[in-house]
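Encoded as structure tokens, the structure appears first; notes follow it.
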Amino acid sequence: LASHLRPGDCGDQVLMPVISLSQSNDDEDARSMAVQLLGHLAEALGPDLCKQFVGVQLEAFCEDQSFRVRKAAAGGFAEVAKMLSFADVRRRLVPAFEKLTKDPHWGVKKAVAENLVTFAMTMPADQRRACFEPMVNNLLNDSSRFVSCAMLQQLGYFIGCLEDAASVPKTLLEQYLQVVRGSMANPDAADMSFHCAFTFAAVVRTMGSSEWPSLKAAFTALCADAQAKTRKAMAASCHIVAQALGPDLVEAEVLPSFEAFLQDTQLEVRMAAIKTVASLLQAAARPAVQRSLLQALMNGMGKVKNWRCRHLAAQQLGPICLVFSPRAGQNQGNQATTEEGPGSMAETKDITWRNLVPLFLQLCGDGVAQVRDAAAKSASALLSAAAPELFIDGEPSAAVEGSSGCSQQPSQSSNDFARRLIRQFARGKSFRNRMLYIRMCDSIIREAPLHVFTEFFMRPLLWLTLDPVKNVRLCWATVILPHLRKVGRLGQQRMVLAAAVRLRSTLDREVHRVLEEAKLPDVSEAEIAELPDPETDLDDSDGGDMTGQEGETGSSSECGNVQVREASDQNELLKAPEDDVESSSQETPPLPLPRPVPQALKTNSPLQGPSLPPALRNASPTTPPGHDAVEDGLVQQQEIEKELDETFSDRRLLVEAEAMDPTSLGIERREKVEEVESSVGGSGYLPEVPLLPEAAEESAPAAPPENETEK
């Protein structure tokens with residue numbers, strides 16, 4: 001609340017009540033609350049009030065008779081020091097804080113050890129050692145075990161905050177390494193090893209590669225620690241260690257431990273390692289190290305059963321691809337090297353085609369929708385790494401509609417990759433693949449030059465407005481709608497606007513509602529008539545060819561089992577086997593029949609529900625490849641069930657009303673065909689009329705014939 005007051009009102013409305021609370025000599029809890037409030041309100045009160053009142057009051061709290069008040073005062077120095085000048089801090093706060101390190105109560109000194117690094121970070125880096133090194137030594141040598149252990153846990157943080165190897169005393173570094181060795185030998189020191197792992201990267205960054213021989217043993221021991229939380233801390237900070245050591249030492253010193261993290265038995269350790277793959281690739285810089293790291297990631301993904309881990313890998317695929325993108329080199333100011341250089345475009349493209357493209361296809365074929373959607377968002381980043389000639393002219397906004405937008409013509413591999421995406425996803429047999437293509441186009445529209453979308457991916461996207469599955473059409477309307485507004489990147493693309501208007505005119509209520517809110521511009525009938533037809537807009541390479549694994553399903557995937565392997569050639573990776581194409585065109589597997597109509601809903605029954613649509617009733621193995629009867633049936637079955645639910649009350653009332661008189665249901669009694677001998681009186685009865693289950697339970701037994709009444 002104090003941050004919302006005018007600066008002039010903070011003194012009277014906020015500060016004075018807190019000061020009066022601090023003067024409660026008989027109430028220890030009130031004074032403890034007052035010292036905590038002064039620390040939290042320092043930023044809102046401002047430098048002037050902190051210098052005149054807060055700093056003075058904090059010094060007084062350090063001499064309070066209650067150890068609880070002094071302990072609370074140790075936690076308020078950092079917040080107050082941020083609002084004061086260095087001269088005021090050095091003159092007033094540092095002596096008061098040092099006095100607390102010699103307090104007679106161990107609880108006060110333990111609080112000082114836990115807040116020392118936070119207080120030191122508010123001061124200039126070159127002044128930290130002179131101000132706080134004596135305090136650290138006093139706390140390390142304290143007679144209380146609780147105080148010394150608290151300072152040992154903070155030792156790595158303190159070494160890291162010095163920020164210069166010359167400022168770190170050798171004695172403190174040796175004590176830190178001794179703590180690591182002691183925690184490995186003592187299983188009870190679990191928290192100590194975790195704090196050492198949490199601060200190890202900061203220590204390495206401060207000491208530099210020159211001290212790595214003395215730190216190497218500690219790094220190996222912490223990476224192999226028995227505790228999962230210790231290994232997780234090391235996995236999350238391996239990229240900082242790699243940046244401190246440089247590319248020359250990464251392959252031999254960091255990569256083996258990091259590959260072990262990717263194969264760790266604990267999920268939290270693997271996920272912590274996956275989050276840092278992109279940063280570690282950037283620090284490695286050498287193609288051999290990058291290949292090994294990506295291969296380890298691919299091998300780890302093949303053994304992961306938890307979908308959240310695969311989802312995280314799909315989210316990191318975009319940043320990983322940007323490491324090999326020419327845009328990353330331009331952002332860092334790197335000059336393009338020759339084709340034979342270690343960081344040349346040819347080597348980065350080779351890594352992309354051999355490692356990233358198979359990983360992308362594997363994640364796009366995952367059995368979990370969230371994993372597939374996250375992978376589709378990296379389509380633009382993958383395209384910039386696989387076809388950098390399309391992005392070589394800089395920002396996407398520099399491209400002009402209708403022009404090539406790049407200084408080089410797209411390579412054959414780029415064209416093949418685009419065709420692969422179109423055949424496997426835009427023309428995929430599974431509607432999930434077609435929805436995934438729409439999300440890929442969304443990524444390309446947002447991040448790539450506009451000419452990349454219009455020349456390679458726009459026409460297949462327009463086909464999907466005529467998709468037979470409603471889910472695909474609704475996905476098209478939802479995902480592409482933001483780009484169709486006046487300020488969107490497709491706001492001036494008449495073909496896309498015409499396709500959206502045509503889609504809006506369909507009978508789908510949900511699609512119509514989504515597109516109606518966009519207020520699309522008027523499009524003529526001629527523009528709609530000129531839209532490409534999915535059946536006639538095929539080139540020689542697209543003629544109904546489906547890639548090898550597209551129509552398959554596996555135990556863990558509903559979208560096809562995309563095999564991941566290292567291709568010796570880019571064309572080998574993208575080329576579909578000719579034998580598979582011929583066999584797929586000759587033999588069409590029979591489609592499963594739709595779910596049969598229940599026996600109770602026959603055509604001659606008044607309880608008949610809605611009949612199946614003709615398209616679903618007539619589904620047969622001769623259905624065109626563009627239509628999947630099973631998938632269409634799933635969508636249409638929802639409409640059938642909805643209509644059944646709407647008519648449920650009427651059908652139930654009908655049964656209850658006519659249960660007492662089954663003949664009114666329209667079921668005629670059959671004529672007696674032959675005499676049935678009865679054991680009673682030698683005469684038989686007419687067969688009973690079969691009743692519906694509801695009527696049979698509630699109706700009374702049938703009356704005997706009239707000629708048997710007297711008997």
Side-chain angles (χ1 to χ4, degrees), residues 277-278 281-282 287 290-291 293-295 297-298 313-314 316-331 336 339 343-365 374-394 396 399 404-426 436-437 439-457 460 541 547 562-576:
V277 169
L281 287 170
Q282 189 70 41
Q290 293 173 338
R291 286 192 183 95
L293 183 57
L294 289 176
Q295 188 62 40
L297 178 62
M298 294 175 61
Q316 295 298 315
L317 189 58
I320 291 173
C321 293
L322 290 178
V323 174
F324 304 97
S325 172
R327 291 182 289 178
Q330 293 172 0
N331 295 336
E339 291 296 321
S344 64
M345 184 181 297
E347 289 181 335
T348 57
K349 287 182 64 175
D350 182 69
I351 294 175
T352 302
W353 287 102
R354 289 179 179 271
N355 300 103
L356 296 181
V357 172
L359 181 60
F360 172 78
L361 296 177
Q362 178 188 14
L363 294 174
C364 286
K377 294 180 180 179
S378 62
S380 177
L382 179 67
L383 192 62
S384 66
E389 63 273 7
L390 301 178
F391 295 75
I392 204 167
D393 280 344
S404 63
C406 59
S407 58
Q408 303 182 23
Q409 293 297 325
S411 61
Q412 183 62 31
S413 60
S414 303
N415 292 329
D416 292 341
F417 182 60
R419 290 191 180 97
R420 171 66 182 267
L421 296 181
I422 293 172
R423 285 197 296 263
Q424 180 168 345
F425 297 101
L436 205 62
Y437 180 81
R439 302 188 188 281
M440 292 180 187
C441 290
D442 177 59
S443 172
I444 296 172
I445 295 169
R446 293 177 183 275
E447 303 174 10
L450 190 57
H451 70 87
V452 176
F453 168 72
T454 56
E455 294 179 7
F456 292 95
F457 303 100
S541 63
T547 53
V562 181
Q563 296 180 353
V564 179
R565 59 184 178 89
E566 281 198 29
S568 58
D569 184 72
Q570 298 174 7
N571 296 329
E572 180 184 351
L573 176 67
L574 298 174
K575 184 178 180 181

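In what follows, residues are counted from 1 in the order of the sequence shown. Note: hydrogens, waters and symmetry copies are ignored here, and every other heavy atom, side chains too, is used.
- The shortest distance between side-chain heavy atoms of Pro388 and Lys349 falls below 4.5 Å.
- Note that CG of Asp442 and OG of Ser380 are 10.5 Å apart. Values are rounded to the nearest 0.5 Å.
- Partners of Thr352 according to the side chain to side chain contact (heavy atoms under 4.5 Å, CB included) rule, which considers only residues two or more places apart in sequence or in another chain, are Phe324, Leu356, Val357, Leu382, Ala385, Ala386.
- Ion pairing between a basic and an acidic side chain is recognised when a charged N comes within 4.0 Å of a carboxylate O; Arg419 and Asp416 show such pairing.
- Between Arg291 and Glu347, the closest heavy-atom pair is NH2-O, 4.3 Å.
- To the nearest 0.5 angstrom, Lys377 atom NZ is 10.5 Å from Glu447 atom CD.
- Between Ser443 and Ala379, the shortest heavy-atom distance links the atoms OG-N, 3.9 Å.
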Could you please spell out the steps behind the side-chain contact (heavy atoms from CB on, under 4.5 Å) verdict for Leu297 and Asn355? CA-CA 9 Å; Leu297 178 62; Asn355 300 103; over 6 Å; no
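- Scored by the side chain to side chain contact (heavy atoms under 4.5 Å, CB included) test, Ala314 finds Leu363, Val371, Ala374, Ala375 as partners (sequence neighbours excluded).
- Tyr437 places a side-chain N or O within 3.5 Å of a backbone atom of Phe457 that can act as its donor or acceptor partner.
- Between Gln290 and Leu281, the shortest heavy-atom distance links the atoms NE2-O, 3.2 Å.
- To the nearest 0.5 Å, atoms CD1 (Ile444) and CG (Leu450) are separated by 11.5 Å.
- Closest approach of His451 and Leu390 over heavy atoms only: NE2-O, 3.6 Å.
- The closest side-chain heavy-atom distance from Cys364 to Phe425 is below 4.5 Å.
- Atom CE of Met298 and atom CG of Leu293 lie 12.0 Å apart (nearest 0.5 Å).
- Separating the CD1 atom in Ile445 from the CZ atom in Phe453 is a distance of 4.0 Å, to the nearest 0.5 Å.
- Interatomic distance, CG of Leu436 versus CD of Gln424, reported as 9.5 Å (0.5 Å rounding).
- Side-chain atoms of Phe360 and Ile320, non-hydrogen and from C-beta on, never get closer than 4.5 Å to each other.
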